[in-house]
Structure formats: structure tokens, C-alpha cells
Amino acid sequence: MADPKETVEVAGREVSVTNPGKVYFPERGYTKLDLVRYYLAVADGALRGVRGRPMALKRFPDGAAGDFFFQKRAPRSRPDWVETVTLAFPSGRLADEIVVRDAAQLVWVVNLGCIDLNPHPTRAEDLDHPDELRVDLDPVPGVPWDHIRRVALVVRDALEAYGLVGWPKTSGSRGIHVNVRIEPRWTFPEVRRAALALARDVEQRVPELATSRWWKEERHGVFIDYNQNAKDRTVASAYSVRPTPDARVSAP
DNA sequence: GCCCTGC
DNA sequence: GCAGGGCAACGCTGC
DNA sequence: GCAGCG
Ligand SMILES: [Mn+2]
Ligand SMILES: [Mn+2]
């Protein structure tokens with residue numbers, strides 16, 4: 001059959017795309033090769049979100065509607081131009097995670113069935129000090145988009161008071177992510193505490209719109225998920241395609 | 001999606 | 001040759 | 001220590 005494999009030339013390498021015609025988004029008819037071509041088209045932006053960061057792989061070998069699994073450890077068999085870095089867990093266990101820096105590595109990851117990209121907030125060069133604080137706005141069901149947007153604007157004001165700049169994007173699901181560049185100087189617990197302080201600040205500014213309550217039952221409006229800044233937690237990066245039926249994208 | 005194992 | 005299994009396990013919360 | 005949360 002005329003399908004098993006296609007080769008794309010990217011970043012000076014030949015990268016295989018297996019099952020290029022496989023339908024990954026049945027509702028829209030988008031194929032695996034469509035997904036690869038999308039990522040090539042936005043490679044500059046997509047790489048800005050993941051470059052130099054270890055990432056957890058969330059793999060959908062049968063497309064967005066199929067089963068998925070997480071994979072922290074890079075597949076043992078991989079080209080020598082695919083970079084990894086060794087992470088240590090508190091348990092003492094180790095994991096070699098993928099680090100993407102160019103479009104060839106990106107396509108290689110997409111070929112594994114990764115639809116969205118989930119980088120850590122750290123760089124491979126310094127795994128203990130995040131250089132990105134992530135403000136994850138998760139609306140409870142039924143919250144209108146305008147409220148989410150308004151909370152994001154309040155986040156901007158609150159950040160400004162600390163001399164910080166937030167870079168917003170849709171999550172591609174229901175909420176908004178605001179990424180904040182920080183000096184790689186603070187530990188995970190310290191960054192998480194900063195995110196909590198920010199969440200409480202925002203909640204105080206617009207208590208009708210935003211909440212920092214951990215318990216779902218006590219939440220109303222937009223939950224500012226500060227815990228997303230804990231260690232070993234990742235967030236879908238900018239330009240990631242989400243595994244939704246309509247192939248929505250996290251749009252800056 | 002792909003490897004590894006075992007039949 | 002082919003079917004089946006594996007592929008993560010964190011850290012924080014309030015009780 | 002537990003289960004809820006993501
Ligand atoms: Mn979110
Ligand atoms: Mn969240």
C-alpha cells in the first residue's frame with residue numbers, strides 16, 4: 001500500500017514520518033502528516049516554547065480520539081541527534097527525558113504520536129531552577145470567555161506591580177496560560193509560593209471572577225492553578241495542538 | 001509507535 | 001511471523 | 001496517612 005512511510009527534510013536532516021496518511025483527527029479529517037506539516041509551518045514559534053527544556057511525552061499513537069500514554073523516559077532506540085537530559089526524582093529514580101532544540105527533533109517527537117508538547121519550566125542546563133512561572137487559568141464549567149479574558153488582564157496588572165511581564169496564550173482547552181520569564185534563581189517550592197501569592201493577589205482584586213481555592217466545590221469563576229508550578233509538572237506549550245476533536249491550538 | 005518477549 | 005505488554009508516579013492540599 | 005487535585 002502507498003502509505004507506510006514518508007520522509008521530510010528538515011533542519012538539514014531526513015526525518016521519517018510513519019503512517020503519514022493515518023487520520024489523527026477524524027472529525028476534521030486531519031492526518032498525521034498534516035500535523036507534522038502544521039508544526040513545520042509554526043516551527044519558529046513552537047520551538048520558542050520548548051527549546052532546551054526537557055519534556056514529558058504524551059503519546060497518542062492512534063490519534064486524538066485514541067488511547068494515550070505518558071512517557072517520561074526517551075525511547076531507548078533513537079537517532080543520536082535526539083538530545084536527552086537526566087532528571088532525578090525524589091525517590092532517587094532517574095529518567096532521561098527528551099530535549100528539543102530544532103525542527104528535526106520536533107518532527108521526530110511528533111512522529112511518536114505526540115500531539116501537544118509538554119515542556120518543563122526549566123532548561124536542561126539548570127534543572128532545579130525554573131526560568132518560567134506559569135499562570136494557569138482554569139475556568140470552572142460554564143464560565144464565559146470574557147471572564148477568563150478579564151482575569152488574564154488582572155494577572156497582567158498584578159505582575160506589573162512586581163516588574164514582571166506575562167505572555168498570554170489560549171490553553172487550547174478552555175482556559176488561558178500566562179507565561180512569565182523569571183531569573184533561574186529560585187527553587188520549585190519558591191516559584192510555587194510566588195505563584196500562590198500572585199493567585200491570592202488576583203483573587204483579592206476580582207473576587208467575583210477569580211478563585212485560588214483548592215477544593216473544586218469551593219471554586220467559582222476562574223481557578224488560578226498555582227500548583228502547576230510544582231516540580232515535575234508540565235504545561236502544554238505555545239502552538240501546541242491539543243487532542244480535541246477540532247484540533248484546537250494553544251494560541252499566543 | 002515501537003520495541004521486546006515469547007510462542 | 002505475530003500477538004501482547006509496556007510505555008509516569010509528582011507534589012501539594014485539607015481532612 | 002489519606003484521598004482529591006491537576
Ligand atoms: Mn489549564
Ligand atoms: Mn491546571
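Just so we're on the same page: letters track the sequence lines, and every chain starts at 1.
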Next on the checklist: Is there a side-chain contact between A:K216 and the phosphate of D:dG6, meaning an N or O under 4.0 Å from OP1 or OP2?
Outcome noted: yes

Taking only N/O atoms, report every protein-nucleotides 6-8 of chain C pair under 3.5 Å with atom names and distance.
unit_1: C:dA8; atom_1: OP1; unit_2: A:K72; atom_2: N; d: 3.0

Checklist entry - To the nearest angstrom, how far is A:F223 atom CZ from D:dC5 atom C1'? => result 8 Å

Item to check | Sugar-phosphate only, base, or nothing, as touched by A:R193 at under 4.0 Å among non-hydrogen atoms | outcome: nothing

Checklist entry - A:W214 CH2 to D:dA3 P: how many Å, rounded? => result 16 Å

Next on the checklist: Output the rounded distance in Å from CZ (A:F188) to P (C:dC12).
Outcome noted: 11 Å

Checklist entry - Is A:K32 touching bases, backbone alone, or none of the nucleic acid, heavy atoms closer than 4.0 Å? => result sugar-phosphate

Next on the checklist: Distance check needed: B:dG1 C1' versus A:R76 CZ, whole Å only.
Outcome noted: 15 Å

Checklist entry - Taking CG from A:D138 and C1' from D:dG4, how many angstroms apart are they, rounded to a whole number? => result 15 Å

Item to check | Salt-bridge present (A:R185, A:E190; N to O < 4.0 Å) | outcome: no

Item to check | N/O (side chain, A:T18) to phosphate O (OP1/OP2, B:dG1) under 4.0 Å | outcome: no

Checklist entry - Heavy atoms under 4.0 Å, any strand shown: does A:N111 hit a base, just sugar-phosphate, or nothing? => result sugar-phosphate

Item to check | Straight-line distance of A:E6 CD to A:S16 OG, nearest 0.5 Å | outcome: 10.0 Å

Item to check | Protein-nucleotide distance (A:E190, atom CD; C:dG11, atom C1'), rounded to Å | outcome: 16 Å

Next on the checklist: For C:dA9 and A:R233 - does any side-chain N or O of the residue sit under 4.0 Å from the phosphate oxygens OP1/OP2?
Outcome noted: no

Checklist entry - P atom, C:dG11 versus B:dG1: distance in rounded Å? => result 32 Å

Checklist entry - Atom CZ of A:R219 to atom C1' of C:dG14: distance rounded to whole Å? => result 13 Å

Checklist entry - Does A:K22 have a side-chain nitrogen or oxygen under 4.0 Å from the phosphate oxygens OP1 or OP2 of B:dG1? => result yes

Next on the checklist: Can you check the distance between D:dG6 and C:dA8, where both ends of the measurement are the C1' atom (answer in whole Å)?
Outcome noted: 14 Å

